[in-house]
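Remarks on the structure that follows.
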Amino acid sequence: MARRTKIYEGKAKILYEGPEPGTIVQYFKDDATAFNAEKKDVIDGKGVLNNRLSEFFMTGLNNIGVPTHFLRRLNMREQLCRSCEIIPLEVIVRNYAAGSLSKRLGIEEGTPLPRPIVEYCYKDDKLGDPLVTEEHIAAFGWASQQDMDDIVSLALRVNDFMSGVMMAVGIRLVDFKIEIGRVYEGDFQRLVVADEISPDSCRLWDIKTGQKLDKDVFRRDLGSLTDAYAEVARRLGIMPESGNGTGPVAVN
Ligand code: TMP
Ligand code: ASP
């Protein structure tokens with residue numbers, strides 16, 4: 001059997017060349033990192049859970065007409081996606097103060113924000129993904145003004161969708177990060193939601209108890225990360241009532 005070509009290995013995923021031109025295979029690892037990989041661990045079953053959760057969110061977005069790179073899940077750890085050129089920005093949407101916003105502006109975590117706030121970080125691990133403004137993005141040519149309009153519109157549509165889906169299962173979407181890719185179709189380019197959407201890249205709090213069900217469990221040593229992610233999957237009906245996501249999966 002021919003060995004497939006690895007395109008890129010990141011902290012939580014590996015990208016391989018896909019079976020057809022214009023496709024890639026995204027493999028979800030069990031590795032967890034935080035604080036620019038200063039804190040690292042391997043968490044059994046995390047990749048399987050994130051593969052399924054990201055499939056669930058991306059499929060939902062595709063279904064309501066928000067374009068994503070996701071085509072279909074291939075197996076427990078892999079999904080087939082359209083290949084795209086990633087814009088070097090982390091696009092963050094915040095509904096409640098938390099994390100770096102709380103630190104930077106001295107706002108208590110959990111404070112509702114007057115409206116969703118969109119922020120950008122320049123994707124560069126060596127620099128620790130610094131916060132940048134639209135001025136930097138335009139001046140350095142990372143994205144055009146038209147791209148920025150499309151990016152804000154995509155980010156807010158993802159926020160509406162994700163907030164609603166999570167609210168329906170008793171979870172508050174505090175904030176999240178997405179990445180945006182360019183897909184070329186002849187002479188045209190289209191922007192799509194790329195990478196993954198999972199509890200690795202969102203803050204998810206139980207509405208009643210405030211319990212954290214996202215990567216802050218790992219960042220802040222709050223208990224079992226897979227239990228938290230499995231709880232999100234269970235509430236969304238992706239997983240059977242018990243198990244950590246590495247076993248058989250419910251069909252409905
Ligand atoms: P922050 O409060 O640390 O800036 O994080 C904002 C959101 O972005 C939060 O949902 C976690 C997510 N995030 C990532 O997905 N990757 C990262 O590298 C960082 C720092 C945050
Ligand atoms: N993903 C980033 C890292 O490892 C940071 C984070 O999610 O907290 O290093």
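Atoms within a ligand are numbered from 1 in the order they appear, just like the ligands themselves.
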Atom 3 (C) of ligand 2 [closest protein heavy-atom partner, distance rounded to 0.1 Å]: Thr33 OG1, 3.2 Å
Atom 10 (O) of ligand 1 - nearest protein heavy atom and its distance: Asp175 OD1, 2.6 Å
Atom 8 (O) of ligand 1: nearest protein contact (heavy atom, Å): Lys177 CB, 3.5 Å
Exercise: do Asn62 and Thr59 side chains pair donor with acceptor under 3.5 Å: no
Lys46 bridged to Glu196 by N-O distance under 4.0 Å: no
Atom 6 (C) of ligand 1 touched by protein (heavy atom, under 4.0 Å): yes
Atoms in ligand 1 flagged as close to Gly99, the criterion being non-hydrogen separation under 4.0 Å: 2 (O)
Protein heavy-atom partner closest to atom 3 (O) of ligand 1 - residue, atom, separation in Å: Arg203 NH2, 3.7 Å
Protein contact to atom 4 (O) of ligand 1 [nearest heavy atom, distance to 0.1 Å]: Ser100 OG, 2.6 Å
Any donor-acceptor N or O pair under 3.5 Å, side chains Ser102, Arg94: no
Ion pair Arg203/Asp175, N-O distance below 4.0 Å: yes
Approximate separation, where rounding is to 0.5 Å, of Ile24 CD1 and Cys81 SG: 5.0 Å
Ligand-side contact atoms (ligand 2) for residue partner Lys215, heavy atom cut-off under 4.0 Å: 1 (N), 6 (C), 7 (O)
Sub-4.0 Å heavy-atom contact, Glu109 with ligand 1: no
With Val91, the side-chain contact (heavy atoms from CB on, under 4.5 Å) member among Ile151, Val152, Leu154, Val158: Ile151
Element-labelled atoms of ligand 1 that are located less than 4.0 Å from some non-hydrogen atom of Arg219: 11 (C)
Non-hydrogen side-chain atoms of Glu17 and Ile7 separated by less than 4.5 Å: yes
Side chain, backbone, both or neither: the part of Cys121 lying under 4.0 Å from ligand 1 by heavy atom: neither
Under-4.0 Å heavy-atom contact with ligand 1, by part of Lys103 that carries it: neither
Cluster overlap Ile178 with Met148, hydrophobic side-chain contacts below 4.5 Å: yes
Ligand-side contact atoms (ligand 2) for residue partner Arg219, heavy atom cut-off under 4.0 Å: 6 (C), 7 (O), 8 (O)
Ligand-side contact atoms (ligand 1) for residue partner Glu90, heavy atom cut-off under 4.0 Å: 16 (N), 17 (C), 18 (O)
Lys11, portion touching ligand 2 at heavy-atom distance under 4.0 Å: side chain
Gln145 and Asp149: side chain donor to acceptor below 3.5 Å: yes
Location of contacts on Lys215 toward ligand 1, heavy atoms closer than 4.0 Å: neither
Distance from atom 5 (C) of ligand 2 to nearest protein heavy atom, with residue and atom: Phe35 N, 3.9 Å
N or O pair under 3.5 Å between Asn36 and ligand 2: yes
Plane angle bin for Trp142 and Tyr122 - parallel if under 30°, tilted between 30 and 60°, otherwise perpendicular: parallel
Candidates Gln79, Lys13, Glu78 - the one meeting side-chain hydrogen bond (donor to acceptor under 3.5 Å, both in side chains) with Gln26: Gln79
Spacing of OH belonging to Tyr120 relative to CG belonging to Leu131, to within rounding of 0.5 Å: 11.0 Å
Location of contacts on Glu119 toward ligand 1, heavy atoms closer than 4.0 Å: neither
Subset of ligand 1 atoms that lie under 4.0 Å from at least one heavy atom of Phe176: 10 (O)
